[in-house]
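Only heavy atoms go into these numbers, but all of them, side chains included; no hydrogens, no water, no symmetry mates. In what follows, every chain begins at residue 1, and chains take the letters A, B, ... in the order their sequences are listed.
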Amino acid sequence: MQEFIQQIRNALSERGGLSPEEVKIEQPRDPALGDFAFPCFPLAKKLKKAPPAIAAELAEQLNVDLENITATATGPYINFLVDRATLAETVVNAVLTAGASYGTSQEGAGKKIVIDLSSPNIAKPMSVGHLRSTVIGAALQRIFDTLGYETVGINHIGDWGSQFGKLIAALDRWGADTDLESDPIQALLGLYVRYHKEEEGDPELAEAGRAAFRALENGTDPEVRSKWEHITKLSLLEFDKIYDRLGVGFDEVRGEAYYEPHLESTIQRVESAGITELSEGALIVDLTHISENTPPCLLRKTDGTTLYATRDLAAVFHRWELYEFERCLYVVGGDQRLHFQQLKGVLDRMKLEWEERVEHISFGMMRLPEGRMSTRKGRVVFLEDVLDRAVEEALRIIKEKSPDLPDPEAVAEQIGVGAVIFNDLRRERIKDVEFNWEEILSFEGETGPYVQYTHARLSSILRKAEAREEGGGEADWTALEEASGVLLRIGRFPDVIRSAGRNAEPSELSTWVLGLAREVNGWYAKNRVLGQDSGVTAARVALVKATQETLATGLRLLGLAAPPEM
RNA sequence: GCGCCCGUAGCUCAGCUGGAUAGAGUGCUUGCCUCCGAAGCAAGAAGUCACAGGUUCGAAUCCUGUCGGGCGCACCA
């Protein structure tokens, strides 16, 4: 479809005396006006004429230049209407010849993008809150893959820090009556909550916790170390179950602990840049160059131990050395904005030119109606429960509406999980979301299942066409006259992927997918595909196939399955 | 107190980085399965684009301020 826009752009730039970049092509308000539009206001000054006069004059000239496109002046706008049959043939063939690779590009060839995603903390069950980073990050990775980038998805596990000392202390004290094997994460969570409850009135316990972390950090006590390893291993196994269900994999799973041996050299590296100072006994980097009130970045505490920021610095150095990334994206909640500002502030003060390639892809918080989620207070919704209930609901609907569907459990898993994922990617990532069971279990309207259902219906038509041996003839593209909404959507797909990647915004894709599903459903209700004249059926089957494939690609990029039946 | 983010229909959101009469879903009121899958389609009612200024041919979109909500602000991660 780009070819039409390009043609309009070239003709306009020649006739209007603009550079091609100055020609801004947009969509008309009302699709009946045309497929593309050009507002003549910017030319008014240059030509010293009223926009409507310019539009009328230019439209006439453009009609001489343009092929298969009609230009019409409407007030100050020039609207362009592509010949319906040409539009249909061009778009449908573009998809069908490209197949699953429709929408891919090579713009990222030879460039690497590192994505830090998911990054849960060990020993706590994943809440619905963790869904956001995982699902947004995974969608971004797939989007960049299709744009030709080499991507590295990193799960930066929270496996270090003082809470592990607490956990080990709790395990020492109550481990005997805890069943760690059958449901390890829930057991660890129980220990964690109990520790916090009893810590206050029990200084001995608090000291045991601190001592255990010191031992862990010094590496002096192999027994403590092996307990930590055990906890980590059990947790990762549990997480993998969730990742499998979400269809998410990682290129690198590295805990913060991995960077332990590199912390000294990291600190030295920052020190040798001459930007560190001692303040109140702690080693800091002053960041008042960002703004007067920006708090400093702490590299080392008074007691000599390191912090989150130190480990994150070590990690970002490591990533740069390993990958020399084009972009390094941290898909992390907006509550950590300051942390990343500080991280980048340190890189900036070190005069590392790749500092601007490091981006915090922040997203809004998932909240409950009664406030912020808190694992410690037991005010959480666990991700596994959400997935289970959504799948259960999907299965209930399948039994009601498609009792003969083969393998209903497997499809219910795809629909239920799809509903949850789509619900999270539906809105702009920066917006806070309030968790709502009713919304997440709804499969109608602007939901994942709606798109999946559309895809399944199109697939069903294609199966029938094949069974009846219809759709094989020469296509009569005029039979797609009413499908321009569908065609224009499909034609825009490559642009949407590019834009979603540039802005690191999966919701641009989900919005587009919904729009395509809506368009094709409207068309489908009015236009019969099978049993028409062979040319008509051929063209419509081709459109159905092109739409079905594009929907499947869109769903796949977002992380949803596209079952052929449901 | 300071900083960052958000504010569009009852509710949940789009609005293509400044353009035409602000659009969807949901909920509500209707209509559509003897016809390719009704998890669908079509129609109706529903808006001071938080408020007030400014910038210009033109502002939901950019700037300033106010209000409301969220988040953060040195030894947690």
Could you check whether [X] gets within reach of a base, just the sugar-phosphate, or nothing at all, counting any heavy atom under 4.0 Å?
X	value
A/I430	sugar-phosphate
A/E280	base
A/P295	sugar-phosphate
A/Q27	base
A/L514	nothing
A/K526	nothing
A/E565	base
A/A456	base
A/A37	base
A/P28	base
A/R492	nothing
A/D404	nothing
A/N121	sugar-phosphate
A/L530	base

The side chain of [X] lies closest to which of these nucleotides: [options]?
X	options	answer
A/E439	B/A24, B/A20, B/U12	B/U12
A/R528	B/A77, B/G40, B/C36	B/C36
A/I461	B/G7, B/G37, B/C76	B/G37
A/M566	B/A14, B/G23, B/A39	B/A39
A/S402	B/A14, B/G37, B/A74	B/G37
A/E256	B/A77, B/C71, B/A74	B/A77
A/F443	B/C71, B/A39, B/A14	B/A39
A/D335	B/C76, B/C71, B/A20	B/C71
A/R427	B/A39, B/G25, B/U12	B/U12
A/Y308	B/U12, B/A77, B/C73	B/A77

Considering just the side-chain nitrogens and oxygens of [X], establish if one lies under 4.0 Å of OP1 or OP2 belonging to [N].
X	N	answer
A/R457	B/A38	yes
A/R518	B/A24	no
A/S460	B/G37	yes
A/R367	B/C6	no
A/N521	B/G40	no
A/K464	B/G37	yes
A/K431	B/C6	no

Separation of atom [atom1] in [X] from atom [atom2] in [N], rounded to whole Å:
X	N	atom1	atom2	answer
A/L343	B/A77	CG	C1'	14 Å
A/Q341	B/A74	CD	C1'	15 Å
A/L425	B/C13	CG	P	14 Å
A/F340	B/C71	CZ	P	18 Å
A/I440	B/C11	CD1	P	21 Å
A/R426	B/A14	CZ	P	8 Å
A/L551	B/G40	CG	C1'	14 Å
A/R337	B/C73	CZ	P	14 Å

Interatomic distance at [atom1], [N] relative to [M], whole Å:
N	M	atom1	value
B/C57	B/G70	C1'	39 Å
B/G25	B/U21	P	23 Å
B/G72	B/U56	C1'	37 Å
B/U55	B/A43	C1'	42 Å
B/C2	B/G65	P	12 Å
B/G15	B/A24	P	15 Å
B/C13	B/U66	C1'	26 Å
B/A50	B/U61	C1'	15 Å

**Message:** Reading 5' to 3' and counting Watson-Crick or G-U wobble pairs with both distances under 3.5 Å, write the dot-bracket notation for RNA chain B, | for bases paired outside the strand.
**Reply:** (((((((..((((.....[...)))).(((((.......))))).....(((((..]....))))))))))))....
salt_bridge([X], [Y]) N-O dist < 4.0 Å:
X	Y	value
A/E466	A/R463	no
A/R214	A/E217	no
A/R427	A/E505	no
A/E393	A/R389	no

When you measure from the side chain of [X] to the backbone of [Y], do you find a donor-acceptor pair of N or O atoms at a distance under 3.5 Å?
X	Y	answer
A/T294	A/T288	no
A/T310	A/L299	yes
A/N521	A/A517	yes

**Prompt:** Could A/R210 and A/F213 be counted as a cation-pi pair, given that NZ or CZ must be under 6.0 Å from the ring centre and within 45° of the axis?
**Reply:**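 No, A/R210 and A/F213 do not form such a contact.
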**Within 45° cone of A/F435 ring axis and under 6.0 Å: A/R367 NZ or CZ** =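 No, A/R367 does not sit over the ring of A/F435.
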**Request:** Check the surroundings of atom CD in A/E292: do more than 12 heavy atoms from other residues, nucleotides or ligands lie under 6.0 Å from it?
**Result:**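 12 or below, so no.
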**Request:** Compare all side-chain heavy atoms of A/Q452 with those of A/P563 and state whether any distance is below 4.5 angstrom.
**Result:**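 Side chain of A/Q452 against side chain of A/P563, heavy atoms only: contact under 4.5 Å found.
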Check: [N] base within 3.5 Å donor-acceptor of [X] side chain:
X	N	result
A/S279	B/A74	yes
A/T454	B/G40	no
A/N79	B/A20	yes

**Prompt:** Does B/C49 adopt a syn or an anti glycosidic conformation, taking syn as a chi angle within 90° of 0?
**Reply:**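 Glycosidic conformation of B/C49: anti.
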**Asked** Using the benzene-type ring in the case of Trp, are the ring centres of A/F340 and A/Y330 under 6.0 Å apart?
**Response**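 Yes.
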